[in-house]
Amino acid sequence: MASEDLERGGAKNRANGGPPPTYYSSSYYQDTPEKQWISWLIPAFVVANIAMFIVVMFVNNCPKKNLGFDGKCVARFLGRFSFQPTKENPLFGPSAST
């Protein structure tokens with residue numbers, strides 16, 4: 001029987017006796033029983049950057065520390081968190097001394 005042709009219904013001799021391999025049409029199939037992991041590194045960096053920006057803007061306190069030589073604070077409705085004048089810092093952030 002080992003000499004029978006596989007295309008004509010012959011059986012293939014398997015050394016381990018296991019089931020035949022299964023083929024999937026999707027190229028995205030993952031044959032791992034492991035749980036999918038969720039990326040946490042980039043969101044952690046984003047949260048850390050936002051928190052640090054808020055702390056720096058709180059320390060900056062533009063309305064109190066700006067003497068008005070370079071203009072008024074931008075977005076004054078934010079109060080203590082308002083930005084330095086665009087003449088001093090065109091990138092909307094704290095002063096260089098902060």
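All values below were derived from every heavy atom in this structure, side-chain atoms included, with hydrogens, water molecules and symmetry-related copies excluded. Residues take their numbers from the sequence shown, with the count starting at 1.
- Contact record, Asn60 with Gln84: ND2-OE1, 2.9 Å, taken as the closest heavy-atom pair.
- Nearest heavy atoms, Phe81 versus Met57: O-CE, 3.3 Å.
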Show the atom names and distances, to 0.1 Å, of all donor-acceptor pairs under 3.5 Å that link a side chain in residues 71-80 to residues at least two apart or in another chain.
from	atom 1	to	atom 2	distance (Å)
Arg80	NE	Phe58	O	2.7
Arg80	NH2	Phe58	O	3.2

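- Listed by chain and number, the residues in a side chain to side chain contact (heavy atoms under 4.5 Å, CB included) with Ile50 are Val46, Ile54 (sequence neighbours excluded).
- Leu41 forms part of a hydrophobic cluster together with Trp40, Phe45, judged by ILVMFWY side-chain heavy-atom separations under 4.5 Å.
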